[in-house]
Amino acid sequence: MIGPVGLVDCNNFYVSCERVFQPRLEGRPVGVLSNNDGCVIARSAELKALGVEMGTPAFELRDLVRRQGVVLLSSNYELYGDMSARVREVLEELCAGVEPYSIDEMFIHGDGFSRRQLQDHAQEIHRKVRRYTGIPVCVGLAATRTLAKLANRAAKSVPGYAGVCVLSPGSPDAQALLEKTPLGDVWGVGHRLVERLALMGLHTAADLAAQDPKRIRSHFSVTLERTARELQGTPCIEMNDTNRPRDRIMTSRSFGRLTSNQDEIHQAIRQHAQRSAEKLRAQDSKARAVYVFLKTNRHRPDLAQYSPSAIVELDEPTDDSRPILHAATQALQAIYRPNYLFMKAGVMLIDLVDANRQQLSLLDTPQRQADRERNDRLMATLDQLNQKMGRDTVTLGRPSPKAAWHLRCANRTPRWTTQWRELPYVTAR
DNA sequence: TGGGGCTCT
DNA sequence: AGAGCCC
């Protein structure tokens, strides 16, 4: 019996979502691009086989698209979000506890099963998610989240496991897996830590698991100590409640091209501020301050670099787009300098508080309260219109239809499952 | 050559 | 505030 936690991870998730509705993409090298069609963030097995790495810029793939029939799609987050919810619903039917971790990964609890039952249970999950949603998944079960992650990788990459891997602590299988897993593939170990660990002669997950966690803590951090313990089979990483309101809300975007135009940047900031305020209201919070940043292009060392930021506090916690917009504009004015070519701009709302637990001002009067209620209704109406008619249907200030920061998405598929006008048709012949 | 969010120091 | 991590 193992104190089990499972990780269900969707295979090539975005590509798999696209294939559910376009079966002709089966068997072909398919990639999905990041926002703005910038770089590859999901790859089919066929695209991986062509040697295309995660994060490859789209412009480097033009030849492959022409010569090898590679299909590159813009990302369609509405579709992926909806498919993710479907996967979660199936898991909730099959498992006691489901904790979404990311759009394509869910942790599950496997309490109360024998090893044999666990194996069957994992098989059932593997089979039914595919059957009911069309999305292929791999299932890893182990004593801790970190080990479940490793088990999942094995389920995916070792053909013998065929998509399901149940790892018993201390078993020869488990030890063998740790020994052949490079540290960079361990959850929580990024490239900086890989370099530093290598200096200590540590290269594999087994090497880290063999260390005294106390020593790891003193040389690195409590985070890596936890990772070491988890590799040893001791659970010590809690799940964040994914339903908890965010502590910060950010909206940022790269410009389609470099720009130093103040007016253009201002328009971008205005749009990001309004979008952030919308997200703020959606999670029923208010913000006490607005953070604005600009960045020049790091990949152009030949150009002058300048990446300033500024925080402007709001008079009182608010979710009203107008003071937020005003604060963002002030912040921008404080940091903007001409003679730099900017690449990206963003707005972050910080110091968030629960809208329902707001400290009422001592100076509150019936008049001010009435004003507040009017503003609330105005914002609610704004949000409803934008939700119903499409993002940015109604905005404060003048619209800017051809601005440099608008999302590039040359090749986005229909939102098959979330927009009536984009429903798939089935034609009988 | 993405965008968004978290924790730790 | 900055570094580092995650997807």
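- The separation between A:His272 atom NE2 and B:dG2 atom C1' is 12 Å, rounded to whole Å.
- When rounded to the nearest whole Å, the span between CG of A:Leu7 and P of C:dC7 equals 10 Å.
- For A:Ser102, whose side chain is taken as the heavy atoms from C-beta onward, the closest listed nucleotide among C:dC7, C:dA1, B:dG5 is C:dC7.
- Taking only side-chain atoms of A:Asn36, from C-beta outward, the nucleotide of B:dG3, B:dT1, C:dC5 with the closest atom is B:dG3.
- For B:dG2 and C:dC6, the C1' atoms lie 14 Å apart once the distance is rounded to whole Å.
- Comparing atom distances between the A:Met250 side chain and each of B:dC8, C:dC7, B:dG4 picks out B:dG4 as nearest.
- Rounded to an integer number of Å, the gap from OH of A:Tyr291 to P of C:dA1 is 7 Å.
- Closest to the A:His191 side chain, of the nucleotides C:dC5, B:dG2, B:dT9, is C:dC5.
- For A:Arg253, the side-chain atoms get nearest to B:dG3 when compared with the rest of B:dT1, B:dG3, C:dC6.
- Here the side chain of A:Asn35 is nearest to one of C:dC7, B:dC8, B:dG2, namely B:dG2.
- Closest to the side chain of A:Cys39, from the set B:dG2, C:dC7, B:dT9, is B:dG2.
- Atom CG of A:Leu72 is separated from atom C1' of B:dT1 by 14 Å (rounded to the nearest Å).
- Distances were taken from every side-chain heavy atom of A:Pro57 (C-beta onward) to each of B:dT1, C:dC7, B:dG2; the shortest belongs to B:dT1.
- Residue A:Ser254 places at least one side-chain N or O closer than 4.0 Å to OP1 or OP2 of B:dG3.
- Side-chain atoms of A:Ser321 and A:Arg281 include a donor-acceptor pair closer than 3.5 Å.
- In this structure, A:Arg192 does not reach the C:dC5 phosphate: none of its side-chain N or O atoms is under 4.0 Å from OP1 or OP2.
- Distances from the side chain of A:Arg244 to the nucleotides C:dC7, B:dG4, B:dT7 place B:dT7 closest.
- Counting any heavy atom pair closer than 4.0 Å across all strands shown, A:Ser75 reaches no nucleic acid atom.
- Side-chain polar atoms of A:Glu99 and A:His109 form a donor-acceptor pair below 3.5 angstrom.
- Proximity of A:Ser252 to the phosphate of B:dG4: a side-chain N or O atom is located under 4.0 Å from OP1 or OP2.
- For the OP1/OP2 pair of B:dT1 and a distance below 4.0 Å, the side-chain nitrogens and oxygens of A:Lys344 include no atom meeting the criterion.
- The shortest distance between the side-chain N/O atoms of A:Lys149 and the OP1/OP2 oxygens of C:dC7 is below 4.0 Å.
- A straight line from CD of A:Glu225 to P of C:dC5 spans 17 Å, rounded to a whole angstrom.
- When the side-chain nitrogen and oxygen atoms of A:Arg248 are compared with OP1 and OP2 of B:dG4, none of them lie within a distance under 4.0 Å.
- Summarising the geometry, the separation between CZ on A:Arg226 and P on C:dC5 is reported as 15 Å, rounded to the nearest angstrom.
- A ring-centre distance under 6.0 Å is not found for A:Tyr80 and A:Trp416.
- Residue A:Val186 is classed as a sugar-phosphate contact, given heavy-atom separations below 4.0 Å to backbone atoms only.
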